Each structure stands twice: as C-alpha cells, then as structure tokens.
Amino acid sequence: MTFETIILLVVSGFAAGVLNAVAGGGTFITFPALVFTGVPPIAANATATVAALPGYIASAYAYRSNIAKEGVLKVRIILLIALAGGLVGAVLLMITPSELFSGLVPWLLLVATVLFAVGPWFVKRLQKAGIGAAGPALSIFAFSVVSTYGGYFNGGLGIILLATMGLIGFTNLDGMNGLKNLMSAVISVISAGVLALAGLIWWPQALVMAVATTAGGFFGGWAAQRITNKALLRAGIVMVGLTMTVIFFMRQ
C-alpha cells in the first residue's frame, strides 16, 4: 500500500466509524474507498465488513447502559436472529459470481440510500396510520430479512435496522441505537468469519481501516448522544450515498 492509500483508508475508516455510531451509512464511504484503491468489489464488500466490526463493538459499548428490551422479542433472541441472518447473507455473497455482484453494486447502493433517506418518514407515516407494535412472527421475519441483507451487503445497515425497529414498535432512540450497533457487530462477526474462511478479506487494508473505525466508533458513540441536528447529518449521508451510486453506475 502507498502512503496515499493508507491515508485514504484511515480517513474513510474514521468517518465511517463515526457515521455508523451516529446514524449508519459508514459503508457508503469505506466500500467505495476500498474499490478505488484497487480491491475487487466482492473482496471490498467483505473487507469493509471486517473493518466495520471493531467500530460497531466500540459504539455498542458506548451505548451499553441504554440497551434494553423493547417489543415482543428478548434481546438474546434478536441477537440469535442476527447471527443466523448474517450467516445466510455471507453464504449468499460467497456463491454470487463476481460479475453479477459488480453489476448489483450500484443497485444495492441505490436501494440502501433510498431506504436510508425515507426510512424515518415511512415509520412516522405508519405510526400516524395507527399501526402499533408488531407481533412475534412479524418481528422475527423483519429482523431476519434485515440481518440477511447485512450479511450480504453492509451498506445502509444501521439506518435500515433503525427503521425496522421503529416499524415493529421500538420508541427509545438511544436504546435502538445501542441495539442497532450490537446487532451490526453480531452480523459482522459471523459474516466476517465466513468470508475470511473463503479468503475474501484483504487483511492489510482491513487492519488499517479497522483501527480507524474503532476510533471513529468510540467518538461517534459519545457524540451521537449529544448531537441535536441529526437531520443535517442524515442529509449529508444521503448525498454521499447518491454520489457513490452515480459513480458506480458510470463505472458499469
């Protein structure tokens, strides 16, 4: 790796750690950064998952006192679902041909960006329509789908998890953020393990970026509980996601 590559990985990793702790969307930065430094798309996706892991753990630790049961499922059940979904998603990524995944990347980025942008609005509309907390079956299904998505492609996972929690009746934002980071860590642990066994991780890049995401995760976990204008931050993340989507469409 060149000095310029290391600087890019450190800066993008720290920014991603902060974003993942505060609102999600860090993969919109780390995945393109890895691709732009020469890592193939599937390997970049796998490497970004590994790099995000310590940041998720760090920010989950920062929220440890806020994680509590909400909805109809116990926290340990939700984490077991995250574990199973991450495994399924990682296996799906392993069997996806490289050419197919490269073609899917801009669409995955687009879907993640749109969900990131409209998720909170959609949840509020459902709540205004009088839709209450979901039952066990719907809760298990919703968490399973999102966890599988996270094991396959990490982009936008944080905000999709937050939107899912809101959809099934969660209301404590700090608790939701803590559980989001804890679920993201569990999903990343199992998917990273599977992808590592498959030889898809570019370890030098992953280790450099992981150190930076850890620092960003600690800082972001502290800052997230003090930031009042999250709408402006969300708008900035959406712009990053849209920009990366356009760039990857142009690379097709």
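Hydrogens, waters and symmetry mates play no part in the numbers below; they use all other heavy atoms, side chains included. All of these numbers come straight from a predicted model, not from anything done at the bench.
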Please output the side-chain donor-acceptor pairs of residues 239-250 that fall under 3.5 Å, not counting sequence neighbours, one pair per line with the distance.
unit_1, atom_1, unit_2, atom_2, d
Thr243, OG1, Met239, O, 2.8
Thr245, OG1, Gly241, O, 2.7

Taking distance alone, no hydrogens or angles, what donor-acceptor pairs closer than 3.5 Å link side-chain atoms of residues 29-45 to residues at least two apart or in another chain?
unit_1, atom_1, unit_2, atom_2, d
Thr37, OG1, Ala33, O, 3.2
Thr37, OG1, Leu34, O, 2.8
Asn45, ND2, Tyr152, O, 2.7

For residues 186-208, dump all side-chain donor-acceptor pairs below 3.5 Å to protein atoms at least two apart in sequence or in another chain.
unit_1, atom_1, unit_2, atom_2, d
Ser188, OG, Ser184, O, 2.8
Ser191, OG, Ile187, O, 2.8
Ser191, OG, Ser188, O, 3.3

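Every residue meeting the side-chain contact (heavy atoms from CB on, under 4.5 Å) condition with Thr148, not counting sequence neighbours, appears here in chain and number order: Val88, Leu92. When the side-chain contact (heavy atoms from CB on, under 4.5 Å) test is applied to Ala84, no partner is found at least two apart in sequence or on another chain. When the side chain to side chain donor-acceptor pair (under 3.5 Å) test is applied to Thr5, the partners found at least two apart in sequence or on another chain are Thr2.
Residues Val10 and Leu53 are members of separate hydrophobic clusters, defined by side-chain heavy-atom contacts under 4.5 angstrom among Ile, Leu, Val, Met, Phe, Trp and Tyr. In this structure, Val75 is a member of the same hydrophobic cluster as Leu73, with clusters built from ILVMFWY side-chain heavy atoms closer than 4.5 Å. Met94 and Phe153 fall within the same hydrophobic cluster, defined by Ile, Leu, Val, Met, Phe, Trp and Tyr side-chain heavy atoms under 4.5 Å apart, directly or through other members. Under the 4.5 Å side-chain heavy-atom criterion for ILVMFWY residues, no single connected hydrophobic cluster contains both Met209 and Phe14.
Across all non-hydrogen atoms, the minimal contact from Pro106 to Gly103 is CD-O, 3.6 Å. Of all heavy-atom pairs spanning Leu161 and Lys180, the tightest one is CD1-O, 3.7 Å. When all heavy atoms of Gly26 and Ala16 are compared, the pair lying nearest together is O-CB, 3.4 Å. Residues Leu8 and Ser12 come closest through the heavy atom pair O-OG, 2.8 Å.
The line from CG of Asn181 to CD1 of Ile57 is 11.0 Å long, rounded to the nearest 0.5 Å. For the atom pair CE of Met176 and CE of Met183, the computed distance is 11.5 Å after rounding to the nearest 0.5 Å. A distance of 7.0 Å separates CD1 in Ile81 from OG in Ser147, rounded to the nearest 0.5 Å. For the atom pair CD1 of Ile140 and CD1 of Ile78, the computed distance is 10.0 Å after rounding to the nearest 0.5 Å. Atom CG in Leu9 sits 11.0 Å away from atom OG1 in Thr213 (nearest 0.5 Å).
Within the hydrophobic cluster formed by Ile, Leu, Val, Met, Phe, Trp and Tyr side chains joined at under 4.5 Å, directly or through other members, Ile7 is accompanied by Phe3, Val11.
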